[in-house]
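Everything numeric here is computed off the predicted structure, so don't read it as measured data. Chain letters run A, B, ... following the sequence lines, proteins first and then strands; every chain starts at 1.
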Number of protein chains: 2
Amino acid sequence: MKSDPLSAAFAALADPTRRAMLTRLCEGEATVNEIAAPFDLSLPAISKHLKVLEGAGLISRGRAAQFRPCRLEPGPLKDVADWVERYRRFWDESLDRLDSYLKEIQHKEKSDDA
Amino acid sequence: MKSDPLSAAFAALADPTRRAMLTRLCEGEATVNEIAAPFDLSLPAISKHLKVLEGAGLISRGRAAQFRPCRLEPGPLKDVADWVERYRRFWDESLDRLDSYLKEIQHKEKSDDA
DNA sequence: AAGTTAATTAGCTTGTTGGTGAAATACAGA
DNA sequence: TCTGTATTTCACCAACAAGCTAATTAACTT
């Protein structure tokens with residue numbers, strides 16, 4: 001794992017299990033067992049995934065009785081969004097090009113039909 | 001490496017060298033040697049990084065004489081942006097409010113304990 | 001044809017990731 | 001205090017990532 005925070009965030013998000021965990025945490029805090037429920041994984045595996053998410057700052061954990069409720073921490077997600085956002089113009093441009101390409105194709109097809 | 005495209009994109013971005021390569025490619029197409037220049041890495045290492053980026057669909061490569069120019073392919077970046085965007089509400093308008101709300105809750109819970 | 005430049009592949013090492021089951025820890029409740 | 005529940009830590013393993021050097025392929029130049 002790279003040591004810089006942005007790399008850690010990307011690395012943590014590069015796993016569908018962990019992304020699903022974050023999605024679950026959108027609904028609110030959850031215990032480890034609640035988080036584990038949808039997955040066909042051992043509890044230690046879940047625990048490790050949570051540790052990765054925690055290490056990336058994507059979740060934080062409280063302590064309530066024997067439970068260790070996790071909650072979403074959006075900070076690193078914002079950093080990721082900010083990084084990716086710098087490339088927006090590239091996909092906007094591509095979509096524009098695709099759009100005009102499709103329009104051109106349609107136009108040609110209409111001409112062919114006629 | 002995970003097989004799903006989104007995981008591949010996140011994994012590819014989880015490395016500062018590769019992110020810097022993409023940043024460089026914002027300026028336009030570049031050859032492998034041009035891309036390699038700023039880094040203190042062997043050419044095979046650079047080649048591997050490019051292969052990861054290509055595998056994630058983040059770049060594509062042409063062929064011109066003995067050069068293999070790389071160019072940015074923004075599609076997966078848009079997918080990443082779309083995924084992250086779903087979490088915007090967590091940091092955007094209400095980050096401060098959410099934070100103080102959670103702190104307040106915790107405070108109440110502590111008071112209840114006492 | 002021979003040499004030069006661009007880039008990749010091959011083979012290796014090292015460290016990390018993601019998983020397991022078994023044991024350990026922490027707390028709640030009877 | 002004993003028992004059950006929640007969660008983590010402890011080995012351990014297989015697969016993979018990232019780096020290197022040396023060798024190879026591909027195409028231009030002389």
Original post:
Quick one: what's the B/S/- string for nucleotides 24-30 of chain D, heavy-atom cutoff under 4.0 Å, read 5' to 3'?
Top reply: --SSS--
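Between C:dA7, D:dT8, C:dT20, one nucleotide has an atom nearer to the side chain of A:Val32 than all others, and that is D:dT8. When distances are taken from the side chain of A:His49 to each of C:dG19, C:dG18, D:dC20, the shortest belongs to C:dG19. Distances were taken from every side-chain heavy atom of B:Leu41 (C-beta onward) to each of C:dA6, D:dC20, C:dT20; the shortest belongs to D:dC20.
Taking atom CG of residue A:Leu43 and atom C1' of nucleotide C:dG18, one finds them 15 Å apart after rounding to whole Å. What separates CG of A:Asp40 from P of C:dG18 is a distance of 17 Å, to the nearest Å. Here the P atom of nucleotide C:dC27 and the CZ atom of A:Phe67 are 13 Å apart, to the nearest Å. When rounded to the nearest whole Å, the span between CG of B:Leu50 and P of D:dG19 equals 12 Å. D:dA17 atom C1' lies 16 Å from atom CG of B:Leu13, rounded to whole Å. Rounded to an integer number of Å, the gap from CD of A:Glu29 to C1' of D:dA6 is 16 Å. A:Phe10 has its CZ atom 18 Å from the P atom of D:dA17, to the nearest Å. Rounded to an integer number of Å, the gap from A:Glu54 CD to D:dT9 C1' is 15 Å.
The terminal axes of the helix from C:dA1-D:dT30 to C:dA30-D:dT1, fitted over 5 pairs per end, subtend an angle of 10° to the nearest 10°.
Nucleic acid contact class of A:Thr17 (heavy atoms, under 4.0 Å, all strands): none. Within the nucleic acid shown, B:Ile46 has no heavy atom closer than 4.0 Å to any nucleic acid atom.
Using a 30° and 60° split on the angle between ring planes, A:Trp83 and A:Phe10 fall in the perpendicular class, above 60°.
Separation of atoms CG (A:Leu25) and OG (A:Ser60) is listed at 9.5 Å; rounding is to 0.5 Å. In this structure, CG on B:Leu22 lies 11.5 Å from NE2 on B:His49, to the nearest 0.5 angstrom. Rounded to the nearest 0.5 angstrom, B:Thr17 OG1 and B:Leu50 CG are separated by 11.0 Å.
Taking the side chain as every heavy atom from C-beta outward, A:Val52 and A:Met21 never approach each other to under 4.5 Å.
The 5' end of DNA chain C is approached more closely, in terms of each residue's nearest nucleotide, by B:Pro44 than by the other of A:Lys48 and B:Pro44.
Checking side-chain atoms of A:Tyr87 against main-chain N and O of B:Lys78 turns up no donor-acceptor pair under 3.5 Å. Distance alone, capped at 3.5 Å, is enough to place a donor-acceptor pair between the A:Arg19 side chain and the A:Leu13 backbone. A:Ser47 places no side-chain N or O within 3.5 Å of a backbone atom of A:Leu43 that could act as its donor or acceptor partner. A donor-acceptor contact shorter than 3.5 Å is absent between the side chain of B:Arg24 and the backbone of B:Ala36.
The phosphate of D:dA6 (OP1 or OP2) has no side-chain N or O of A:Arg61 nearer than 4.0 angstrom. Contact annotation: A:Ser42 side-chain N/O to C:dG19 OP1/OP2 distance is not under 4.0 Å. Distances shown here put a side-chain N or O of B:Asn33 below 4.0 Å from the OP1 or OP2 atom of C:dA7.
A salt bridge does not link B:Lys51 to B:Glu54: none of the charged nitrogens lies less than 4.0 Å from a carboxylate oxygen.
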